[in-house]
Asker: 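Below are the structure tokens for one structure; questions will follow.
Computed over heavy atoms, backbone and side chain alike; hydrogens, waters and symmetry mates excluded. Sequence positions, counted from 1, serve as the residue numbers for this chain.
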Amino acid sequence: MGYFVTRRLRSWMNRRRQLTNEKSAADWNQEYLGGQWEFLSKWEEMGRYWIIAGYCALLSRPSVLDIGCGTGLLEEKLRLVPYSSYTGVDISETALRKARSRIPPACQLICTDFLNSCLRKKYDIIVFNEVFLPGMRAVEILEKYFKFLSQGGRIVLCAFDGRNHKAREPFWKEIRQHLNVEDCSRIEHLESHKRWTIALIAPHSDL
């Protein structure tokens, strides 16, 4: 009986992952080991990082929480802001090892699933940079993270719109309908036709 229960549970988990595009820590580690995400450091990706850094610079020396920080590419840009503290969160230990090789020792890196993380500090800026996969309840997740914002803090949300830009419209429609979007920018890399939308979001208490 135990064998069949285990097999059924494994089948259910695989089906759930397929429906939500959910990936495990092992999946992410394998992709980083294989160099699958090295393209993020190329020119075509740089514009969105600088817009995110610009939004962070709206606050004086902010404390920054970078959700899905990967190998720490955003932190390098944030040094020009500058920030008072930087905390990176990622599910991949492999990515965080690479991040540790490039970012200052004073920066904190936390290996956890941001969907189930138990943070205790508050931050001036929380960045979600290409974090939400199709099927994730973005509005619900962002609302939960409002409690980790310090007074006057903001969330910066960046989402890849892809080449089929209309496919992402329902996502941004829901964000605008339920959250307080104070400002929104869009950037497109003309040669690759990749496009991103970056929004500055205030908590409901600031409405």
Asker: Below 4.5 Å, heavy atoms only, C-beta onward: do N129 and I52 meet side chain to side chain?
Answerer: yes

Asker: So, using side chain to side chain contact (heavy atoms under 4.5 Å, CB included) as the criterion, who are the partners of I175 when residues are at least two apart?
Answerer: A138, V139, L142, L157, F171, W172, L179, V181, I201

Asker: Keeping D90 on the side-chain end and G70 on the backbone end, is there a donor-acceptor pair under 3.5 Å?
Answerer: yes

Asker: Testing the 3.5 Å rule here: is there a donor-acceptor pair between the side chains of H189 and E45?
Answerer: no

Asker: Shortest non-hydrogen contact from A53 to L78?
Answerer: CA-CD2, 3.9 Å

Asker: Nearest 0.5 Å please: distance from the CD1 atom of I155 over to the CZ atom of F148.
Answerer: 10.5 Å

Asker: What heavy-atom pair brings G72 and A99 nearest, and what distance separates the two atoms?
Answerer: N-CB, 3.8 Å

Asker: Do the side chain of S63 and the main chain of D124 share a donor and acceptor less than 3.5 angstrom apart?
Answerer: yes

Asker: Could you go through the side chain to side chain contact (heavy atoms under 4.5 Å, CB included) check for K194 and E44 one step at a time?
Answerer: CA-CA 8 Å; K194 291 181 178 180; E44 63 192 55; 2.5 Å; yes

Asker: Whether the E130 and W196 side chains hold a donor-acceptor pair (N or O, under 3.5 Å, no angle test) is what I'd like checked.
Answerer: yes

Asker: What's the spacing between I67 CD1 and L74 CG if we round to 0.5 Å?
Answerer: 11.5 Å

Asker: Measure the OH-CD1 distance between Y86 and I125 for me, rounded to the nearest 0.5 Å.
Answerer: 13.5 Å

Asker: Do the side chain of K77 and the main chain of L73 share a donor and acceptor less than 3.5 angstrom apart?
Answerer: yes

Asker: Side chain to side chain contact (heavy atoms under 4.5 Å, CB included) for F132 and I141? Distances and angles first, verdict last.
Answerer: CA-CA 10 Å; F132 293 110; I141 294 168; 3.7 Å; yes

Asker: Is there a side-chain contact between V89 and C69, using heavy atoms and a 4.5 Å cut-off?
Answerer: no

Asker: Sub-3.5 Å donor-acceptor pair from the side chain of R186 to the main-chain atoms of I198, do we have one?
Answerer: no

Asker: State, yes or no, whether a side-chain contact exists between E75 and Y83 at a heavy-atom distance under 4.5 Å.
Answerer: yes

Asker: If a pair satisfies salt bridge (Lys or Arg N to Asp or Glu O under 4.0 Å) and one of its residues is in residues 53-62, list it, with sequence neighbours excluded.
Answerer: none

Asker: Can you measure from SG (C56) to CD1 (I126) and round to the nearest 0.5 angstrom?
Answerer: 11.0 Å

Asker: Within this structure, what is the CZ-SG distance for the pair F160 and C158, rounded to the nearest 0.5 Å?
Answerer: 10.0 Å

Asker: Measuring only between side-chain heavy atoms, which start at C-beta, is F114 closer than 4.5 Å to V131?
Answerer: yes

Asker: Any non-hydrogen side-chain atom of C107 less than 4.5 Å from a side-chain atom of T87?
Answerer: no

Asker: Are any non-hydrogen side-chain atoms of L119 and Y145 less than 4.5 angstrom apart?
Answerer: yes

Asker: Closest heavy-atom contact between I51 and S185?
Answerer: CG2-CB, 4.1 Å

Asker: State, yes or no, whether a side-chain contact exists between T112 and I91 at a heavy-atom distance under 4.5 Å.
Answerer: no

Asker: Do T71 and R102 pair up side chain to side chain, a donor and an acceptor below 3.5 Å, judged on atom types alone?
Answerer: yes

Asker: Quick one: closest heavy-atom pair of L149 and P203, and the distance?
Answerer: CD1-CD, 4.0 Å

Asker: Between Y55 and R154, is any pair of side-chain heavy atoms under 4.5 Å apart?
Answerer: no

Asker: Can you tell me how far apart CZ (R79) and CD1 (I103) are? Round to the nearest 0.5 Å.
Answerer: 8.0 Å

Asker: Output, in order, the C-alpha distance, side-chain angles, deciding distance and verdict of side chain to side chain contact (heavy atoms under 4.5 Å, CB included) for R168 and R195.
Answerer: CA-CA 10 Å; R168 202 60 164 171; R195 193 176 77 175; over 6 Å; no

Asker: Around R176, counting heavy atoms of other residues, nucleotides and ligands shown, do more than 12 lie under 6.0 Å from its CZ?
Answerer: no

Asker: Apply side chain to side chain contact (heavy atoms under 4.5 Å, CB included) to the pair L58 and L200, showing each step before the final yes or no.
Answerer: CA-CA 10 Å; L58 293 173; L200 184 69; 3.7 Å; yes

Asker: Does K122 have any side chain to side chain contact (heavy atoms under 4.5 Å, CB included) partners at least two apart in sequence or in another chain, and if so, which?
Answerer: S150

Asker: Within the supplied structure, the quantity of interest is the number of heavy atoms (other residues, nucleotides, ligands) at a distance under 6.0 Å from E76 CD; does it exceed 12?
Answerer: yes

